[in-house]
2 protein chains.
Amino acid sequence: MAKTAALPPLVHPAREEITVEGVLRALADPVRLAIVRQLAATDQEIACGGLTVPVTKSTLTHHLSILRQAGVVAGRQEGTTRFNSLRRNDLDALFPGLLDGVLAAPR
Amino acid sequence: MAKTAALPPLVHPAREEITVEGVLRALADPVRLAIVRQLAATDQEIACGGLTVPVTKSTLTHHLSILRQAGVVAGRQEGTTRFNSLRRNDLDALFPGLLDGVLAAPR
DNA sequence: GTCGTAGTTCGACGATCACCGTACTAAGCC
DNA sequence: GGCTTAGTACGGTGATCGTCGAACTACGAC
């Protein structure tokens, strides 16, 4: 049948749907924090394969899914590649200072 | 024998010992977030019994212990009463904006 | 002394979570 | 067509977590 629009269900919460607790929960994991730091450091999209994390692909997918559902990162599909970016605007608007405070941390 | 100094084992991490991840983990729970919000709202010490949370005393003790170990709250013993306060200075110094961002959240 | 109050400690239980390997789909290239 | 690469979906497992009740300690008042 109509074949296309193949991929992108890719659900993201609207800005109003993002909760502090969800964001905190998402950030409260070393792997996910590392992902967020990398996204924040480059300030541009990074494909899954471009992220440096000490877990397997399936676990990485899991973490990205959590970050996406929490509203921390956005995903954009292009071919077989999924580009991830930080939803800095939304987070700064909702919780001003939170992200910067986290990223300002010593490590 | 030497009778006193009865109280304060009560370990708190030094400011340098506080980690972002620990703080995020501590805040990533509805009950603990409620505790922090109450402490921030009154901006003064609150005894365990003065906190309004939907859990039993033993669970409350557990949550306060986690918050204390993470460096989010400080505990001061006085008689049988334990007074808890937010370590706002330390948190603001380490992660400027983090706490305010969390507290600024809609709910 | 006895009693009540404030809070902690100790299991224990159920739920959630992070992690993995395997199997799978989709796109691009030969 | 077949092959490879990018990433997801599906169990499954072991660990951690939030919760509770019961037993306990410490202080204060009577």
Side-chain angles (χ1 to χ4, degrees), chain A residues 1-12 19 21-36 39 45-70 72-85, chain B residues 1-12 19 21-36 39 45-70 72-85:
Chain A
M1 33 289 293
K3 24 65 98 275
T4 51
L7 334 141
L10 239 327
V11 287
H12 300 87
T19 69
E21 205 204 311
V23 172
L24 291 172
R25 242 189 167 61
L27 296 179
D29 176 276
V31 174
R32 293 194 288 266
L33 204 47
I35 294 172
V36 170
L39 289 173
E45 295 178 317
I46 303 183
C48 301
L51 291 166
T52 306
V53 285
V55 293
T56 63
K57 275 198 305 177
S58 55
T59 304
L60 174 57
T61 297
H62 172 236
H63 284 306
L64 285 171
S65 154
I66 290 182
L67 285 169
R68 200 168 51 243
Q69 285 171 26
V72 178
V73 312
R76 182 179 61 87
Q77 192 90 20
E78 185 165 311
T80 64
T81 313
R82 171 106 73 194
F83 289 101
N84 307 284
S85 57
Chain B
M1 22 281 307
K3 24 63 113 206
T4 53
L7 349 133
L10 239 330
V11 289
H12 299 87
T19 69
E21 204 204 311
V23 172
L24 291 172
R25 241 187 167 61
L27 296 179
D29 177 275
V31 174
R32 293 195 288 265
L33 204 46
I35 294 173
V36 170
L39 288 174
E45 296 178 316
I46 302 183
C48 302
L51 291 166
T52 306
V53 287
V55 293
T56 64
K57 276 199 302 179
S58 56
T59 304
L60 174 57
T61 297
H62 172 236
H63 284 306
L64 285 172
S65 153
I66 289 183
L67 286 170
R68 199 168 51 242
Q69 285 172 25
V72 178
V73 312
R76 180 178 64 88
Q77 192 90 21
E78 186 165 311
T80 64
T81 313
R82 171 107 72 195
F83 289 101
N84 307 284
S85 58

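In what follows, chains carry the letters A, B, and so on, assigned in the order in which the sequence lines appear, proteins first and then strands, with residues in each chain numbered from 1. Note that these values count all heavy atoms, side chains included, but never hydrogens, waters or copies made by symmetry.
Contact annotation: A:Arg32 side-chain N/O to C:dA18 OP1/OP2 distance is under 4.0 Å. Contact annotation: B:Thr80 does not reach the phosphate of D:dC27 (side-chain N/O to OP1 or OP2, under 4.0 Å). Put simply, B:Arg82 has a side-chain N or O that comes within less than 4.0 Å of OP1 or OP2 on C:dT8. For the pair A:Thr56 and C:dC20, the criterion of a side-chain N or O lying under 4.0 Å from OP1 or OP2 is met.
Heavy atoms of B:Thr61 sit under 4.0 angstrom from at least one base atom. Within the 4.0 angstrom heavy-atom criterion, only backbone atoms of the sugar-phosphate kind lie near A:Thr81; the bases stay farther away. Using a 4.0 Å heavy-atom distance criterion, B:His63 is classed as a sugar-phosphate-only contact. The residue B:Leu64 sits apart from the nucleic acid: no heavy atom pair falls under 4.0 Å.
Atoms CD (A:Gln69) and C1' (C:dA18) sit 15 Å apart, rounded to a whole Å. Between B:Arg68 atom CZ and C:dT9 atom C1' there is a gap of 13 Å when expressed in whole angstrom units. The distance between atom CG of B:Leu67 and atom P of D:dC17, rounded to the nearest whole Å, is 14 Å. Distance A:Lys57 NZ to D:dG7 P: 8 Å, rounded to the nearest Å. If you take CG of A:Leu60 and C1' of C:dC19, they are 12 Å apart, rounded to a whole angstrom. As rounded to whole Å, 13 Å separates atom P of D:dC10 from atom NE2 of A:His62. Distance, B:Gln77 CD to D:dC27 P: 8 Å, rounded to whole Å. Atoms CG (A:Asn84) and C1' (D:dA6) sit 12 Å apart, rounded to a whole Å.
For the pair B:Leu24/A:Leu24, a side-chain contact is recorded, criterion being any heavy-atom separation below 4.5 Å from C-beta on. Counting only heavy atoms from C-beta outward, the side chains of A:Leu64 and A:Leu51 approach each other to under 4.5 Å. Residues B:Cys48 and B:Lys57 have side chains not in contact (no heavy-atom distance under 4.5 Å, counting atoms from C-beta outward).
Although no hydrogens or angles enter the test, the distance criterion places a donor-acceptor pair under 3.5 Å between the side chain of A:Arg25 and the main chain of B:Ala28.
Tested against B:Val72, the residues B:Val23, B:Ile66, B:Asn84 include a single side chain to side chain contact (heavy atoms under 4.5 Å, CB included) partner, B:Val23.
Taking only distance into account, the side chain of A:Ser58 meets the base of C:dG21 through a donor-acceptor pair shorter than 3.5 Å.
Listed nucleotides D:dC20, C:dC19, D:dG7 differ in distance to A:Ala47; the shortest reach to its side chain belongs to D:dG7.
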